[in-house]
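Computed from heavy atoms alone, side chains included, the values below leave out hydrogens, waters and symmetry copies.
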Amino acid sequence: MITTRQLAYQYAGGAKLRFDDIDVTQGGVLLLRGASGSGKSTWLALAAGLLTPTAGDITVAGQSLLALGKVAGDAWRARTIGFLPQKLHLSSALTVHANLAMAQWAAGQAQDDARIREALTALGVNDLATRKPTQLSGGQAQRVALARAVLLQPQVILADEPTASLDDEAAAQAVALLQATAKRQGATLVIATHDARVAANLDGQIGFQPLFLGRKQL
(Lines give C-alpha, C1' and ligand atoms only; values in the text may rest on other atoms or scores of the structure.)
Protein backbone atom coordinates (compact mmCIF):
# COMPACT_ATOMS: atom_id res chain seq x y z
CA MET A 1 0.00 0.00 0.00
CA ILE A 2 0.99 3.61 -0.52
CA THR A 3 -0.45 6.65 1.24
CA THR A 4 0.56 10.29 0.85
CA ARG A 5 -0.60 13.35 2.73
CA GLN A 6 0.25 16.93 1.65
CA LEU A 7 3.37 15.57 -0.06
CA ALA A 8 5.72 18.18 -1.51
CA TYR A 9 9.30 18.46 -2.68
CA GLN A 10 11.54 21.37 -3.65
CA TYR A 11 14.83 21.11 -5.50
CA ALA A 12 17.51 23.62 -4.54
CA GLY A 13 16.77 26.84 -6.38
CA GLY A 14 13.74 25.32 -8.10
CA ALA A 15 9.98 25.43 -7.82
CA LYS A 16 8.21 23.42 -5.15
CA LEU A 17 6.17 20.48 -6.38
CA ARG A 18 2.97 19.62 -4.51
CA PHE A 19 1.32 16.24 -5.03
CA ASP A 20 -2.31 15.28 -4.48
CA ASP A 21 -3.07 12.88 -1.63
CA ILE A 22 -3.46 9.24 -2.66
CA ASP A 23 -4.35 5.91 -1.05
CA VAL A 24 -3.35 2.80 -2.98
CA THR A 25 -4.23 -0.57 -1.47
CA GLN A 26 -1.70 -3.40 -1.45
CA GLY A 27 -1.85 -5.03 -4.87
CA GLY A 28 -3.38 -1.96 -6.50
CA VAL A 29 -2.09 -0.08 -9.54
CA LEU A 30 -1.21 3.62 -9.55
CA LEU A 31 -0.58 5.42 -12.84
CA LEU A 32 1.43 8.64 -12.66
CA ARG A 33 0.71 10.75 -15.72
CA GLY A 34 2.12 14.10 -16.78
CA ALA A 35 4.39 15.84 -19.23
CA SER A 36 8.17 15.90 -18.93
CA GLY A 37 9.13 17.94 -15.86
CA SER A 38 5.79 17.44 -14.14
CA GLY A 39 7.31 15.54 -11.22
CA LYS A 40 6.88 11.86 -12.17
CA SER A 41 10.51 10.94 -11.50
CA THR A 42 10.47 12.98 -8.30
CA TRP A 43 7.39 11.11 -7.07
CA LEU A 44 9.03 7.77 -7.81
CA ALA A 45 12.19 8.84 -5.97
CA LEU A 46 10.10 9.88 -2.95
CA ALA A 47 8.25 6.54 -2.98
CA ALA A 48 11.56 4.68 -3.13
CA GLY A 49 12.96 6.66 -0.21
CA LEU A 50 15.68 8.17 -2.38
CA LEU A 51 14.46 11.71 -1.68
CA THR A 52 13.10 13.13 1.59
CA PRO A 53 9.90 15.20 1.28
CA THR A 54 10.13 18.94 1.83
CA ALA A 55 6.68 18.73 3.39
CA GLY A 56 4.00 16.17 4.09
CA ASP A 57 4.31 12.43 4.55
CA ILE A 58 4.50 9.31 2.42
CA THR A 59 3.93 5.81 3.77
CA VAL A 60 4.91 2.81 1.65
CA ALA A 61 4.21 -0.79 2.65
CA GLY A 62 3.35 0.35 6.17
CA GLN A 63 6.54 2.36 6.62
CA SER A 64 6.55 6.14 7.00
CA LEU A 65 9.58 7.15 4.96
CA LEU A 66 10.17 10.26 7.09
CA ALA A 67 11.23 7.96 9.92
CA LEU A 68 14.00 6.23 7.95
CA GLY A 69 17.66 7.20 8.14
CA LYS A 70 20.10 6.42 5.33
CA VAL A 71 21.25 2.99 6.54
CA ALA A 72 17.75 1.87 7.51
CA GLY A 73 16.43 3.36 4.27
CA ASP A 74 18.86 1.37 2.14
CA ALA A 75 17.89 -1.87 3.89
CA TRP A 76 14.16 -1.08 3.63
CA ARG A 77 14.45 -0.24 -0.06
CA ALA A 78 16.34 -3.47 -0.85
CA ARG A 79 13.63 -5.65 0.65
CA THR A 80 10.56 -3.57 -0.28
CA ILE A 81 11.07 -1.83 -3.64
CA GLY A 82 11.55 -3.34 -7.08
CA PHE A 83 12.50 -0.74 -9.67
CA LEU A 84 12.21 -1.03 -13.45
CA PRO A 85 14.05 2.00 -14.88
CA GLN A 86 13.50 3.41 -18.35
CA LYS A 87 17.17 2.73 -19.08
CA LEU A 88 17.47 -0.86 -17.93
CA HIS A 89 21.07 -0.61 -16.63
CA LEU A 90 21.95 -4.24 -17.26
CA SER A 91 25.71 -4.80 -17.06
CA SER A 92 26.95 -5.69 -20.54
CA ALA A 93 29.97 -7.47 -19.02
CA LEU A 94 27.83 -9.97 -17.12
CA THR A 95 25.47 -12.74 -18.17
CA VAL A 96 21.76 -12.48 -17.48
CA HIS A 97 22.16 -14.84 -14.51
CA ALA A 98 25.06 -12.80 -13.12
CA ASN A 99 23.10 -9.56 -13.49
CA LEU A 100 20.45 -10.97 -11.17
CA ALA A 101 23.05 -12.37 -8.81
CA MET A 102 24.56 -8.90 -8.57
CA ALA A 103 21.20 -7.60 -7.34
CA GLN A 104 21.30 -10.16 -4.53
CA TRP A 105 24.85 -9.20 -3.60
CA ALA A 106 23.93 -5.49 -3.61
CA ALA A 107 21.13 -6.24 -1.15
CA GLY A 108 23.56 -8.05 1.15
CA GLN A 109 22.14 -11.47 0.37
CA ALA A 110 23.94 -14.63 -0.61
CA GLN A 111 23.63 -15.68 -4.20
CA ASP A 112 20.56 -17.90 -4.58
CA ASP A 113 20.71 -19.65 -7.95
CA ALA A 114 17.36 -21.38 -7.44
CA ARG A 115 15.63 -18.07 -6.80
CA ILE A 116 17.30 -16.54 -9.87
CA ARG A 117 16.08 -19.42 -12.05
CA GLU A 118 12.59 -19.04 -10.57
CA ALA A 119 12.46 -15.31 -11.36
CA LEU A 120 13.75 -15.79 -14.90
CA THR A 121 11.39 -18.71 -15.53
CA ALA A 122 8.39 -16.67 -14.35
CA LEU A 123 9.24 -14.05 -16.98
CA GLY A 124 9.92 -16.65 -19.67
CA VAL A 125 13.63 -15.89 -20.09
CA ASN A 126 15.44 -18.61 -18.13
CA ASP A 127 16.74 -20.03 -21.41
CA LEU A 128 18.65 -16.75 -21.85
CA ALA A 129 20.48 -17.01 -18.51
CA THR A 130 23.92 -17.50 -20.07
CA ARG A 131 23.58 -14.71 -22.63
CA LYS A 132 24.84 -11.18 -22.15
CA PRO A 133 22.53 -8.15 -22.53
CA THR A 134 23.96 -7.29 -25.95
CA GLN A 135 22.65 -10.65 -27.18
CA LEU A 136 19.05 -9.86 -26.16
CA SER A 137 16.23 -8.17 -28.04
CA GLY A 138 14.64 -5.11 -26.47
CA GLY A 139 11.69 -7.13 -25.21
CA GLN A 140 13.93 -9.83 -23.78
CA ALA A 141 16.08 -7.24 -22.00
CA GLN A 142 12.99 -5.66 -20.45
CA ARG A 143 11.83 -9.07 -19.17
CA VAL A 144 15.27 -9.68 -17.66
CA ALA A 145 15.22 -6.25 -15.99
CA LEU A 146 11.74 -6.99 -14.61
CA ALA A 147 12.96 -10.36 -13.30
CA ARG A 148 15.76 -8.50 -11.54
CA ALA A 149 13.26 -5.98 -10.12
CA VAL A 150 11.09 -8.70 -8.55
CA LEU A 151 13.93 -11.06 -7.62
CA LEU A 152 13.81 -10.10 -3.94
CA GLN A 153 10.00 -10.34 -3.90
CA PRO A 154 9.30 -6.64 -3.29
CA GLN A 155 6.01 -5.30 -1.99
CA VAL A 156 6.08 -2.38 -4.45
CA ILE A 157 7.15 -2.29 -8.12
CA LEU A 158 8.04 1.12 -9.59
CA ALA A 159 8.19 1.30 -13.39
CA ASP A 160 9.53 4.43 -15.13
CA GLU A 161 8.26 4.94 -18.71
CA PRO A 162 8.09 1.19 -19.47
CA THR A 163 6.49 1.71 -22.90
CA ALA A 164 8.90 4.35 -24.20
CA SER A 165 9.84 3.70 -27.83
CA LEU A 166 7.54 0.65 -28.09
CA ASP A 167 4.94 0.16 -30.81
CA ASP A 168 1.28 -0.29 -29.84
CA GLU A 169 1.37 -4.08 -29.63
CA ALA A 170 4.61 -4.17 -27.64
CA ALA A 171 3.35 -1.41 -25.33
CA ALA A 172 0.19 -3.38 -24.54
CA GLN A 173 2.28 -6.49 -23.89
CA ALA A 174 4.62 -4.55 -21.57
CA VAL A 175 1.71 -3.23 -19.49
CA ALA A 176 0.11 -6.69 -19.32
CA LEU A 177 3.43 -8.20 -18.25
CA LEU A 178 3.85 -5.64 -15.47
CA GLN A 179 0.33 -6.28 -14.21
CA ALA A 180 0.69 -10.05 -14.31
CA THR A 181 4.04 -9.91 -12.52
CA ALA A 182 2.73 -7.58 -9.81
CA LYS A 183 -0.34 -9.76 -9.30
CA ARG A 184 1.79 -12.89 -9.03
CA GLN A 185 3.97 -11.15 -6.42
CA GLY A 186 1.02 -9.56 -4.61
CA ALA A 187 2.83 -6.25 -5.13
CA THR A 188 1.54 -2.73 -5.56
CA LEU A 189 2.41 -1.44 -9.04
CA VAL A 190 3.27 2.18 -9.84
CA ILE A 191 3.79 3.17 -13.48
CA ALA A 192 5.08 6.63 -14.37
CA THR A 193 4.47 7.61 -17.98
CA HIS A 194 3.47 10.32 -20.43
CA ASP A 195 2.12 7.61 -22.77
CA ALA A 196 -1.68 7.75 -23.05
CA ARG A 197 -1.71 4.14 -24.30
CA VAL A 198 -0.83 2.92 -20.80
CA ALA A 199 -3.96 4.49 -19.32
CA ALA A 200 -6.03 3.00 -22.15
CA ASN A 201 -4.73 -0.47 -21.29
CA LEU A 202 -5.40 -0.04 -17.57
CA ASP A 203 -8.68 1.91 -17.58
CA GLY A 204 -11.58 0.11 -15.90
CA GLN A 205 -9.48 -2.55 -14.23
CA ILE A 206 -10.00 -3.32 -10.55
CA GLY A 207 -7.58 -1.57 -8.21
CA PHE A 208 -6.44 0.96 -10.82
CA GLN A 209 -6.26 4.68 -10.13
CA PRO A 210 -4.62 7.51 -12.08
CA LEU A 211 -2.76 10.51 -10.66
CA PHE A 212 -2.08 13.38 -13.04
CA LEU A 213 0.98 15.42 -12.11
CA GLY A 214 1.70 18.99 -13.05
CA ARG A 215 3.91 21.72 -11.66
CA LYS A 216 2.19 23.33 -8.67
CA GLN A 217 3.78 26.26 -6.89
CA LEU A 218 3.38 26.31 -3.13
Open item on the list: The criterion is side-chain hydrogen bond (donor to acceptor under 3.5 Å, both in side chains); which residues satisfy it with R77, sequence neighbours excluded?
Closed with: D74

TODO: Quick one: closest heavy-atom pair of R197 and T163, and the distance?
DONE: NH2-O, 3.5 Å

Open item on the list: I need the minimum non-hydrogen distance between T134 and S92, along with the two atoms involved.
Closed with: CG2-CB, 4.3 Å

Open item on the list: Would you say T42 and Y11 are linked by a side-chain donor-acceptor pair, where the criterion is simply a distance under 3.5 Å?
Closed with: yes

Open item on the list: Hydrophobic clustering (ILVMFWY, side-chain heavy atoms < 4.5 Å, transitive) - are I58 and Y9 grouped together?
Closed with: yes

Open item on the list: Are the side chains of V198 and L31 in contact, using a 4.5 Å heavy-atom criterion?
Closed with: yes

Open item on the list: Could you go through D113 and H97, starting from their C-alpha distance and side-chain angles, then the distance that decides it, and tell me whether this counts as side-chain contact (heavy atoms from CB on, under 4.5 Å)?
Closed with: CA-CA 8 Å; D113 292 334; H97 186 282; 2.9 Å; yes

Task: Student check: side-chain heavy atoms of L17 and W43 closer than 4.5 Å - done: no

Open item on the list: Between T80 and P154, is there a side-chain heavy-atom distance shorter than 4.5 Å?
Closed with: no

TODO: Quick one: pull up CG in L213 and CZ in F19 and give me the separation to the nearest 0.5 Å.
DONE: 6.0 Å

- [ ] Can you see which heavy atom on A119 is nearest to which on L151, and at what distance?
- [x] CB-CD1, 3.9 Å

Open item on the list: If hydrophobic clusters are built from ILVMFWY residues whose side chains come within less than 4.5 Å, do L202 and V190 share one?
Closed with: no

Task: Full working for side-chain contact (heavy atoms from CB on, under 4.5 Å) between D112 and I116 - done: CA-CA 6 Å; D112 185 340; I116 291 172; 5.7 Å; no

Open item on the list: Side chains of S64 and D57 only: does a donor on one sit below 3.5 Å from an acceptor on the other?
Closed with: yes

TODO: For residues H194 and E161, determine if any side-chain heavy atom of one lies less than 4.5 Å from a side-chain heavy atom of the other.
DONE: yes

TODO: Examine distances only and state if a side-chain atom of Q111 and a backbone atom of Q104 form a donor-acceptor pair shorter than 3.5 Å.
DONE: no

Task: Single-linkage hydrophobic cluster L50~V60, side-chain heavy atoms < 4.5 angstrom - done: no

Task: Distance (rounded to the nearest 0.5 Å) between K183 NZ and T181 OG1 - done: 12.0 Å

Open item on the list: Tell me whether L84 shares a hydrophobic cluster with M102, the cluster being built from Ile, Leu, Val, Met, Phe, Trp, Tyr side chains joined at under 4.5 Å.
Closed with: no

Task: Gap between atom CG of L177 and atom CG of L146 - 0.5 Å precision - done: 5.0 Å

Task: Flag side-chain contact, heavy atom, 4.5 Å: T188 against Q155 - done: no

TODO: Taking side chain to side chain contact (heavy atoms under 4.5 Å, CB included) as the test, write out the residues that go with A98, two or more places apart.
DONE: L94, T95

Open item on the list: Tell me if a side-chain donor or acceptor on N99 pairs with a main-chain N or O of S91 at a distance below 3.5 Å.
Closed with: yes

Task: Electrostatic pair R5:D23 at N-O distance under 4.0 angstrom - done: yes

Task: T54 side chain to Q10 side chain, donor-acceptor N/O pair below 3.5 angstrom - done: no

Open item on the list: For the CG atom of N126 and the OG1 atom of T121, what is their distance to the nearest 0.5 Å?
Closed with: 3.5 Å

Task: Hydrophobic cluster membership, F83 vs V175, 4.5 Å side-chain cutoff - done: no

- [ ] State the NZ-CG distance between K40 and D160, to the nearest 0.5 angstrom.
- [x] 8.0 Å

Task: Note, Q109 side chain near L152 side chain (heavy atom, < 4.5 Å) - done: yes

Open item on the list: If you define the side chain from C-beta out and look only at heavy atoms, does anything of P162 sit under 4.5 Å from I191?
Closed with: yes

TODO: Drop me the distance from L32's CG to F212's CZ, to the nearest 0.5 angstrom.
DONE: 11.5 Å

Open item on the list: Assess, by modelled atom type and distance only, whether the side chains of D21 and T4 contain a donor and an acceptor separated by less than 3.5 Å.
Closed with: no

Open item on the list: Suppose we screen for side-chain hydrogen bond (donor to acceptor under 3.5 Å, both in side chains). Which residues come up paired with K87, at least two apart in sequence or across chains?
Closed with: none

TODO: Take L30 and L211 through the side-chain contact (heavy atoms from CB on, under 4.5 Å) test and state the conclusion after the steps.
DONE: CA-CA 7 Å; L30 175 66; L211 178 63; 4.0 Å; yes

Task: Minimum heavy-atom distance L65-L46, with the two atoms named - done: CD1-O, 3.1 Å

- [ ] For V150 and I157, run side-chain contact (heavy atoms from CB on, under 4.5 Å): C-alpha distance rounded to whole Å, both residues' side-chain angles, the deciding distance at 0.1 Å, then the answer.
- [x] CA-CA 8 Å; V150 301; I157 300 172; 3.6 Å; yes

Task: Atom CD of Q209 with >12 non-hydrogen neighbours under 6.0 angstrom - done: yes

Task: All side chain to side chain contact (heavy atoms under 4.5 Å, CB included) counterparts of A122, not counting sequence neighbours - done: R184

Task: Within-4.5 Å side-chain heavy-atom neighbours: L189 and L158 - done: no

TODO: Might you point out which heavy atoms bring A192 and L44 nearest each other, and give the distance in Å?
DONE: CB-CD1, 3.7 Å

Open item on the list: On a heavy-atom basis, which atom in L90 and which in A145 lie closest, and how many Å separate them?
Closed with: CD2-CA, 4.4 Å

Task: side chain to side chain donor-acceptor pair (under 3.5 Å) contacts in which one or both residues fall within residues 137-150, not counting sequence neighbours - done: S137-Q140

Open item on the list: Donor-acceptor check, side chain of Q26 to backbone of M1, threshold 3.5 angstrom: yes or no?
Closed with: yes

Task: Q153: side chain to side chain contact (heavy atoms under 4.5 Å, CB included) partners, not counting sequence neighbours - done: R115, Q185

